[in-house]
Number of protein chains: 2
Amino acid sequence: MSRLAGSSKLLRAMNESAALELLLDPGMLTRADLRRITALSTPTISELLRRLTAAGLITVVGHDSGRPGPAAEIYAADPDAAYTVAVSIRETGTSGNPSVAAALCDLTGTIRATVETHVDFLGADPVSTVAGVVTRLRKRAGVEAGRIRHVQLGVPGSYDPRSETIRLTDVPGFGRPGLVPRIAEALGTRVGADNDVNLAAVAERRRGAGREAENFALLWIGQDGLGLAIDINGTLLRGTRGGAGEIGYVPLYSPDSPHRKIDLQDLFGGPAIMELARDHGIAGETPAAVVAAGSEEFLAVLADRVVVGLAAVTAILDPYLIVLAGPIAQAGGEALLTAVTSAFGRAAPLECSITVTAIEGDAVLLGALDAGLKAVREVLVAAIRAG
Amino acid sequence: MSRLAGSSKLLRAMNESAALELLLDPGMLTRADLRRITALSTPTISELLRRLTAAGLITVVGHDSGRPGPAAEIYAADPDAAYTVAVSIRETGTSGNPSVAAALCDLTGTIRATVETHVDFLGADPVSTVAGVVTRLRKRAGVEAGRIRHVQLGVPGSYDPRSETIRLTDVPGFGRPGLVPRIAEALGTRVGADNDVNLAAVAERRRGAGREAENFALLWIGQDGLGLAIDINGTLLRGTRGGAGEIGYVPLYSPDSPHRKIDLQDLFGGPAIMELARDHGIAGETPAAVVAAGSEEFLAVLADRVVVGLAAVTAILDPYLIVLAGPIAQAGGEALLTAVTSAFGRAAPLECSITVTAIEGDAVLLGALDAGLKAVREVLVAAIRAG
DNA sequence: TGACTGTTAAGTAGCTTTATCAATAGCCGT
DNA sequence: ACGGCTATTGATAAAGCTACTTAACAGTCA
């Protein structure tokens, strides 16, 4: 319903971008399909496809035979029209050291190359580190530099898109203002950045538990901290300074001791879980380990605490679904989920279904790929509209 | 960026609706102004204005002389093209009894008639009550029935637009499923409904403290309960079942007594405020009265409690601005605001500016008018697009 | 033969450019 | 001080352009 006016050129740009959008997202469409969806006439569709093919954006990917008449050409976006790189910066990798996971995928989302390295960010320059990873991926996949249209960064901390700075991060060097534009300059590409939890929610939306949900909240229970991502109809709620979802800071108020400041992080953050495990006599090196090994009783107490946070989220946002994610939630699995669900039913006044993440593998990296892919597609569509 | 395709007819519909939208919202535009904004050519603008005038949607409201050449005609939406009625149902009116406040305004937003009555909803039928109020307003303003294109209801409780039912309300008869469609049927108009706090936020957005804010959260501290409205870029966050902002249910967790369930309503809802006032030796009949009469010390303690809620909201949403509204916040005024601001600075880990409502008069009713007006404008624009 | 794919040709809707007329403020000369 | 002249702007009219639609047709396969 935006105010948009123009002449026949606008019409062409709109039709062309609408067709490209359709070929990018469902993909695999014949002329007849496009005709049906867009309600445009056959000659228009034909010319439109000719132009998009000439621009190298789409190709014929197959033929649909079986019906009378000649086999219909099936069109889809050309996988090699553009590439995306996702780079996930992790404070603690699987081995416990800071690590970088990265992947390169084509326009259809199939991964062409991956890289995983350990970097001591105290010594390394963030710009050249990221640039190096991108170059390595690019060479490994045999892709020329200009074809990478977007690089998506995932960082622990919050990202403020307005000032293009990463905030509240513990990774050395990444909190510096102007870092993201400098990486973009070094790479010669658009660079996006986002909170790792937000990116996990993007993955959940596209290929996980959030696929069918109109909206959901994702509670990330990580080794280092808590996080919340809020997906409203497919778009993430970021807040004014990118600080939405810093749920670890939700304060708890105790009438009996109003001056002892505690927050949700103190209630079920990593250290709190370790302490609780000790009280219950459960052995384990990491929070994930003790949750995986936890007794039913221990999980029930932990669930009571988690539900305090979930109830606050539910009362403020009323989401359709809550997804429990992050290494600790993943370690808890079904046992933790049933404990949380029953605790939620007892304690929370409103209803909401709860589930655990359906993503296998590195949710943050996959989400960064999805976000990067979306950005690339928007760039391609916008380029057509602009002419 | 929505997939939209079509022929030249679509183009005309788009241009026409864009022009109407411009004449509805800023209004008072000459042909030259429209030409500049839409980048359409003079003949197109002329014919477009001719059609809109013939449809009775716009009129010449003045002439712009002073420059050489003929005086340019100034166009704007015809105030009498459509009307809106807002009906605010209040559990406790100014006198303490359930009351209904209503107003009728034209397309430019100027109020043509108002009505305020006390209704005992235990005895009265909601459908005929609302219909009666609308008819009374209509006759008083001298408007024929067909010209009222939208009736906006404001109710205490939450509204689920999907099932078109009002939930969590204490007004007798209004929680019945199918009530809103039945009112619409009786009136022969579109009928919208919304939470009273949400509507107060709509008013704040259009004419109050939220005018400049990209987003804000409005904390309503009422005699009967707490509420939160979340405005993201001009659209309200409603939640899945319309239950977003039921902040009174945010639970508090005390590690020392985990089984005593208390929530924010217990912390600074009306009864809690009265109890706190008693502890501080402050006399007064209502929460608003004691807050208005409250000592600095009392307000400081109250502010500490309010900030618990605000800190949770800030950590989850990171709003640009928090607006304190509702009768109790209004009674507290600047004194409460300074107390809350300083308490927030001490207790909350994130920053956020706080202010009190800038609406004078019945914020809910004004918000309902604004929401109704917006709905009417959307209907008019959509009608043009449809042809 | 009939259904379906894809192209070519003619027609139409709607916008833009260009040209023209009309009106008025400001200037200038008497 | 006043009336006519000019520059500037508002609005309409005519011609041209762009992009879509409808209609007709050629080709292919069950």
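No experiment lies behind these values; they were computed from the predicted model shown. Chain A is the first sequence line, chain B the second, and so forth, proteins listed ahead of strands; every chain is numbered from 1.
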(request) Would you mind reading off the distance between A/Arg51 atom CZ and D/dC20 atom P, rounded to a whole angstrom? (result) 7 Å
(request) Could you list the residues that satisfy side chain to side chain contact (heavy atoms under 4.5 Å, CB included) with A/Thr235, not counting sequence neighbours? (result) none
(request) Take atom CG of B/Leu11 and atom C1' of C/dA13, then tell me their distance rounded to the nearest Å. (result) 10 Å
(message) Looking at C/dT16, I'd like to know if its phosphate oxygens (OP1 or OP2) sit under 4.0 Å from a side-chain N or O belonging to B/Thr44.
(response) yes
(message) Distance check needed: C/dG6 P versus A/Leu40 CG, whole Å only.
(response) 16 Å
(request) With DNA chain D as reference, determine whether A/Arg35 or A/Ser65 sits nearer its 5' end, using the nearest nucleotide of each. (result) A/Arg35
(message) Without decimals, in angstroms, what is the distance between B/His63 NE2 and C/dA23 P?
(response) 14 Å
(request) For residues A/Val180 and A/Tyr159, determine if any side-chain heavy atom of one lies less than 4.5 Å from a side-chain heavy atom of the other. (result) yes
(request) Could you list the residues that satisfy side chain to side chain contact (heavy atoms under 4.5 Å, CB included) with A/Ile58, not counting sequence neighbours? (result) A/Leu20, A/Leu23, A/Leu49, A/Leu52, A/Thr53, A/Tyr75
(message) I'd like to check the side chain to side chain contact (heavy atoms under 4.5 Å, CB included) partners of B/Arg112; sequence neighbours left out, ordered by chain and number.
(response) B/Pro79, B/Asp80, B/Tyr83, B/Leu104, B/Asp106, B/Thr110, B/Ala141
(request) Tell me whether the OP1 or OP2 atom of C/dT16 has a side-chain N or O from B/Ser41 closer than 4.0 Å. (result) yes
(request) Find the distance A/Leu10:CG to D/dC20:P and express it as a whole number of Å. (result) 11 Å
(message) With a 3.5 Å distance limit and no angle check, can you tell me whether A/Arg377 reaches the backbone of A/Glu21 through a side-chain donor-acceptor pair?
(response) no
(request) Using atom CG of A/Leu48 as one end and atom C1' of C/dT7 as the other, report the distance to the nearest whole Å. (result) 16 Å
Which atom pairs, donor and acceptor, lie under 3.5 Å between side-chain atoms of residues 41-48 of chain A and protein residues at least two apart or in another chain?
unit_1  : atom_1 : unit_2  : atom_2 : d
A/Ser41 : OG     : A/Thr44 : OG1    : 3.0
A/Ser46 : OG     : A/Arg31 : NE     : 3.2
A/Ser46 : OG     : A/Thr42 : O      : 3.4

(request) Quickly work out the A/Ile74 CD1 to C/dG6 P distance and round it to whole Å. (result) 10 Å
(request) Could you list all the side chain to side chain donor-acceptor pair (under 3.5 Å) pairs where at least one residue sits in residues 6-20 of chain A, not counting sequence neighbours? (result) A/Glu16-A/Arg51
(request) Respond yes when some side-chain nitrogen or oxygen of B/Asn15 is under 4.0 Å from OP1 or OP2 of C/dC15, and no when none is. (result) yes
(request) List the protein contact pattern of nucleotides 8-18 of chain D with one symbol per nucleotide (5' to 3'): B for base contact, S for sugar-phosphate-only contact, - for none; contact means a heavy-atom distance under 4.0 Å. (result) BBSSBB----B
